[in-house]
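What you are looking at is a predicted structure, and each value in this text was computed from that prediction instead of being measured. Each chain gets a letter, A, B and so on, in the order the sequences are listed, and its residues count up from 1.
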There are 4 protein chains.
Amino acid sequence: MASINKVILIGNLGKDPEVRHLEGGVAVARFPLATSETFKDKNGDRQERTEWHNIVVWRGLAEVAEKYVKKGQSVYIEGRIRTNSYQDKDGVQRYSTEIVADNMTMLGGRPDGGSSAQGSGSGSYNNEPSSAGVSTSSGSMGANKGGNSKSVAYEEEPDDLPF
Amino acid sequence: MASINKVILIGNLGKDPEVRHLEGGVAVARFPLATSETFKDKNGDRQERTEWHNIVVWRGLAEVAEKYVKKGQSVYIEGRIRTNSYQDKDGVQRYSTEIVADNMTMLGGRPDGGSSAQGSGSGSYNNEPSSAGVSTSSGSMGANKGGNSKSVAYEEEPDDLPF
Amino acid sequence: MASINKVILIGNLGKDPEVRHLEGGVAVARFPLATSETFKDKNGDRQERTEWHNIVVWRGLAEVAEKYVKKGQSVYIEGRIRTNSYQDKDGVQRYSTEIVADNMTMLGGRPDGGSSAQGSGSGSYNNEPSSAGVSTSSGSMGANKGGNSKSVAYEEEPDDLPF
Amino acid sequence: MASINKVILIGNLGKDPEVRHLEGGVAVARFPLATSETFKDKNGDRQERTEWHNIVVWRGLAEVAEKYVKKGQSVYIEGRIRTNSYQDKDGVQRYSTEIVADNMTMLGGRPDGGSSAQGSGSGSYNNEPSSAGVSTSSGSMGANKGGNSKSVAYEEEPDDLPF
DNA sequence: TTTT
DNA sequence: TTTT
């Protein structure tokens, strides 16, 4: 086998996350994330191209996204590529690619607050750009709200070993 | 800005690379790469899901792909996600996602040789699994002409891939 | 906060793993991993530099390392950098850097078998270069032998959702 | 061969970069970068461990570091691990590990300005947390000051191809 | 020596 | 639809 499917993104949310709470209490959040690259075209003019990524986060990370992550903010995402296939109305096979995140870290950024249910003004964020400092990794935590699998992993690592 | 768009894959080629030599001598190679993950479904049964990635490599890396990389082989890919949009025949906006690789390293693997122009049997590869040891990163090699612009004949081959 | 510490390596083991089973049943394995880069010196001559990394794996991954990973083999490692400090005999502060792996995937390669307790000949490996296909991620599995947190995570991901 | 040696870090500078301009005009900058992880110890108490990484950047990136990167700021670093060996005064072989960065992206953060030549107060930064937006990749650009190999690479990528 |  |  020997398979690796890993994505690392830093970008800005194009919209607030859309969160759904499934039967069983599992949360799923989705949001578009923009990354942009600058390059010079053949005339030497500086051009920018923006890439939009469909981010999906589950469980504890979805709840973090729901509470703390807003349109405009900058986040670090680690995850894997997943392409779903479906039939369109004409029966043609179509593909839709998304990034299933298993690590999300807020980097601050510029939330506009405008479309946020919590309605947090932009001022407080701008005064403390990356103060929220919320970072979570998904893992086998199930619906374990507020859990952080990374902490759990470290917790059981005996750190006071003689080497 | 502060944008990162990075993909790391290890997987197997679903087909030999298709190589095109553009006007100006620039080479482009494309191939599907499979990664697979194993998981347990809700009944506790082990399931496997295969993800297919559309890999694109340019210039020197494309020439390496053309010469050394075959269906079935395992490669390490580092690159970025790129989603192209186009109108389908009904004028609907469609998206197609690919991975533009800027680093490709052969890991050996299991070439079947069947559709390869060189027609090397699998035996020699199996005797020296990662002996080729070809690793290249694209960089500022630019329009480094000198590539052989002759296209390798591509033999259509029925296969059971999902695309 | 907003901290990321991530390492990705592909290299070959310089020795068989040394495994210790701690009080409580937790396993720790250590092995040196070589990566090498090729570059041209100022005279344009091709040079190779080998980097040695001290890999540390815990729990289930350590047991995988103990059973399946041998000197000479190629592995993919994902982990984090950790620098331990200690006093040398003269009371000078010294540092020792290691990579704590939380994902290890066998890529096949070229075990020499010589120093292996299992003494598996190289032939079987060469016939099936990456057939072992052992890949494990550490997580909140504790001493949960044979567990694979990545599988667990997927297991609870409702895959048949309407999107 | 098949070797990969890749490091991805997000952390804060512990000091302003120290920059040296070598004979031939090549610049080298060095700075310590802190990453920190939070975990629960065996008593369930939250603990933090900080890791210090010795970052080295060359050429254009070093000049970016010199001009724009200050103590306290948050940066994304991509690079490789390099362990140098030397003899200490007693002739004992010692090792020193550093991260040679080939990509550095400023993420904003909290510069204290105190030791900065430009002396920019923290206010302006806090108002525009990641406004500097400087991102550069080193490459085979040699002493090509101010060059950006990533741009160069993209520049020559014919983006208007028929696929 | 950073940051939260 | 973000950000610079």
Side-chain angles (χ1 to χ4, degrees), chain A residues 9-18 30-38 46-55 68-75 77 105-116 122 125-126 128-135, chain B residues 1-5 83 85 93 95, chain C residues 1-5 83 85 93 95, chain D residues 9-18 30-38 46-55 68-75 77 105-115 122 125-126 128-136:
Chain A
L9 302 172
I10 293 177
N12 298 86
L13 279 83
K15 296 182 182 175
D16 283 1
E18 288 181 15
R30 297 175 166 271
F31 55 85
L33 189 79
T35 59
S36 53
E37 54 185 44
T38 307
R46 186 161 290 271
Q47 300 283 352
E48 179 172 301
R49 179 186 161 102
T50 296
E51 206 63 50
W52 286 98
H53 310 272
N54 302 310
I55 310 295
Y68 300 110
V69 181
K70 299 294 163 222
K71 175 180 172 182
Q73 280 182 317
S74 175
V75 295
I77 290 285
T105 298
M106 295 169 64
L107 299 176
R110 181 162 300 177
D112 64 9
S115 59
S116 160
S122 60
Y125 277 90
N126 280 339
E128 297 190 2
S130 45
S131 64
V134 175
S135 172
Chain B
M1 207 200 56
S3 241
I4 298 293
N5 175 355
T83 298
S85 68
Q93 189 90 335
Y95 300 93
Chain C
M1 207 202 53
S3 242
I4 298 293
N5 175 356
T83 299
S85 69
Q93 188 90 336
Y95 300 94
Chain D
L9 302 172
I10 293 178
N12 297 87
L13 279 83
K15 296 183 182 175
D16 284 1
E18 289 181 15
R30 297 176 167 270
F31 54 85
L33 189 79
T35 58
S36 54
E37 54 185 43
T38 307
R46 186 161 289 271
Q47 300 283 352
E48 179 173 301
R49 180 186 160 102
T50 295
E51 207 61 52
W52 286 98
H53 310 271
N54 302 310
I55 310 295
Y68 300 110
V69 181
K70 299 294 163 218
K71 176 180 172 180
Q73 279 181 318
S74 174
V75 295
I77 290 285
T105 298
M106 296 169 65
L107 298 176
R110 182 161 298 177
D112 63 11
S115 59
S122 62
Y125 277 90
N126 280 339
E128 297 189 5
S130 45
S131 64
V134 176
S135 173
T136 313

Heavy atoms only, 4.0 Å cut-off, all strands: where does A/Thr35 land among base, sugar-phosphate and nothing?
nothing
What residues, two or more places apart in sequence or in another chain, satisfy side chain to side chain contact (heavy atoms under 4.5 Å, CB included) together with A/Pro17?
A/Leu13, A/Val19, A/Ala29, A/Phe31, A/Ala65, A/Val69
When the distance from CG of A/Asn12 to C1' of F/dT2 is rounded to whole Å, what number comes out?
5 Å
Identify, with sequence neighbours excluded, every residue that meets side chain to side chain contact (heavy atoms under 4.5 Å, CB included) alongside D/Glu18.
none
NZ of A/Lys71 versus P of F/dT1: gap in Å, rounded?
8 Å
Is A/Trp52 stacked on the base of F/dT2, meaning ring centres closer than 5.5 Å and planes within 30 degrees of each other?
no
D/Glu48 CD to E/dT3 C1': how many Å, rounded?
8 Å
Side chain of A/Pro32 only, heavy atoms from C-beta on: which candidate in F/dT2, F/dT1, F/dT3 is closest?
F/dT1
Between A/Ser36 and B/Ser3 the two heavy atoms that sit nearest each other are N-OG, 2.8 Å
To the nearest Å, give me how far apart NZ (A/Lys70) and P (F/dT3) are.
15 Å
What's the CG-C1' distance between D/Leu33 and E/dT1, to the nearest Å?
11 Å
Do you know the tightest heavy-atom contact between A/Thr105 and C/Ala2?
CG2-CA, 3.6 Å
Rounded to the nearest Å, what distance is computed from the CE atom of residue D/Met106 to the P atom of nucleotide F/dT4?
13 Å
Rounded off to whole Å, could you give me the CD-to-P distance for the A/Glu18 and F/dT1 pair?
14 Å
Output the rounded distance in Å from NE2 (D/His53) to C1' (E/dT3).
13 Å
